[in-house]
Amino acid sequence: GISVDRNILAENMMNAFDSINRQELFERMKTTFKGENLMLAILMKMGGKATPGELMQYTECTAARLTAIAKSLETKGLVSRIQNAEDKRSTIIEMTAEGIARFMNLQKEAAESVFNLIEKLGERDAEEFVRLVGRLAEISSDSSGLSEVTV
């Protein structure tokens with residue numbers, strides 16, 4: 001009956017999510033904008049500079065983790081930490097030219113991965129994928145949707 005079909009469909013769906021999670025392409029896409037790269041992306045979005053407090057609003061990082069990332073980026077020459085002229089007690093994290101170039105390169109790599117995926121899927125399936133992921137996002141942002149499901 002219907003319940004057996006629903007169980008099979010549910011199992012197939014879980015297996016599909018599981019296999020996507022283990023795909024190298026998706027792993028690379030997820031790790032492209034994590035940690036240092038995520039901070040560069042957020043800084044870029046904020047016009048190239050921000051206070052640690054502003055950055056904390058956009059990440060789920062602790063202050064200690066954010067400081068460690070900023071120090072690491074500074075050591076690599078990708079950001080500078082400068083004293084805030086408006087508030088001498090705080091610093092501003094500002095992207096360097098190298099930091100901006102690094103971000104542009106990451107963005108280019110991410111776009112190439114996506115173009116590659118679109119090419120392999122074909123335009124119709126890619127559009128359907130975008131539509132379905134959009135629906136999943138709607139459902140999961142609706143608190144009654146997927147929030148109860150923990151795997």
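We count residues from 1, following the sequence as given.
With sequence neighbours left out, Asn116 forms a side chain to side chain donor-acceptor pair (under 3.5 Å) with no residue at all. By the side chain to side chain donor-acceptor pair (under 3.5 Å) test, Glu123 pairs with no residue at all, sequence neighbours left out. In terms of the side chain to side chain donor-acceptor pair (under 3.5 Å) criterion, residue partners of Asp18 (sequence neighbours excluded) are, by chain and number, Arg22. Glu138 pairs by the salt bridge (charged side-chain N to carboxylate O under 4.0 Å, His left out) definition with Arg135, not counting sequence neighbours. Annotation: side chain to side chain contact (heavy atoms under 4.5 Å, CB included) contacts of Ser19 (sequence neighbours excluded): none. Residues passing the side chain to side chain contact (heavy atoms under 4.5 Å, CB included) test with Met46, sequence neighbours excluded: Ile42, Ala50, Glu54, Leu55, Tyr58. Taking the side chain to side chain donor-acceptor pair (under 3.5 Å) definition, one finds that Thr59 meets it with nothing, sequence neighbours left out. In this structure, the salt bridge (charged side-chain N to carboxylate O under 4.0 Å, His left out) partners of Glu128, at least two apart in sequence or on a different chain, are Arg131. Shown here are the salt bridge (charged side-chain N to carboxylate O under 4.0 Å, His left out) partners of Arg89, two or more places apart in sequence or in another chain: Asp87.
For Pro52 against Ile93, the heavy-atom pair with the smallest separation is CG-CD1, 4.1 Å. Minimum interatomic distance between Cys61 and Arg65 (heavy atoms only, all atoms of both residues): SG-CG, 3.8 Å. Across every non-hydrogen atom of Val79 and Ala70, the tightest pair is CG2-O, 3.7 Å.
Each of Leu136 and Val130 belongs to its own hydrophobic cluster when Ile, Leu, Val, Met, Phe, Trp and Tyr are linked at side-chain heavy-atom distances under 4.5 angstrom.
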Less than 3.5 Å apart, which donor and acceptor atoms pair up between the side chains of residues 96-103 and the rest of the protein, not counting sequence neighbours?
{"residue": "Thr96", "atom": "OG1", "partner": "Gly77", "partner atom": "O", "Å": "2.6"}
{"residue": "Thr96", "atom": "OG1", "partner": "Leu78", "partner atom": "O", "Å": "3.1"}
{"residue": "Thr96", "atom": "OG1", "partner": "Glu98", "partner atom": "N", "Å": "3.4"}
{"residue": "Thr96", "atom": "OG1", "partner": "Glu98", "partner atom": "OE1", "Å": "3.2"}
{"residue": "Thr96", "atom": "OG1", "partner": "Gly99", "partner atom": "N", "Å": "3.1"}
{"residue": "Arg102", "atom": "NH2", "partner": "Asn37", "partner atom": "OD1", "Å": "3.4"}

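When the shell of 6.0 Å around CD of Glu11 is examined, it contains 12 or fewer heavy atoms from other residues, nucleotides or ligands.
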| field | Criterion side chain to side chain contact (heavy atoms under 4.5 Å, CB included) on Leu9 and Asp5, from CA distance to verdict | value | CA-CA 6 Å; Leu9 184 59; Asp5 294 347; over 6 Å; no
| message | side chain to side chain contact (heavy atoms under 4.5 Å, CB included) for Met95 and Leu73? Distances and angles first, verdict last. | response | CA-CA 9 Å; Met95 293 176 85; Leu73 287 170; over 6 Å; no
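The distance from the CE atom of Met104 to the CG atom of Leu40 is 12.0 Å, given to the nearest 0.5 Å. The line from CG of Leu121 to CD of Glu119 is 11.0 Å long, rounded to the nearest 0.5 Å.
Screening residues 66-79 for side-chain hydrogen bond (donor to acceptor under 3.5 Å, both in side chains) gives Glu36-Ser72, Glu36-Lys76, Glu74-Arg81 as the qualifying pairs, with residues at least two apart or on separate chains.
Of the possible donor and acceptor atoms, none in the side chain of Glu94 sits under 3.5 Å from a partner among the backbone N and O of Ser80.
Hydrophobic clustering, defined by side-chain heavy atoms of Ile, Leu, Val, Met, Phe, Trp and Tyr closer than 4.5 Å, groups Ile82 together with Ile92.
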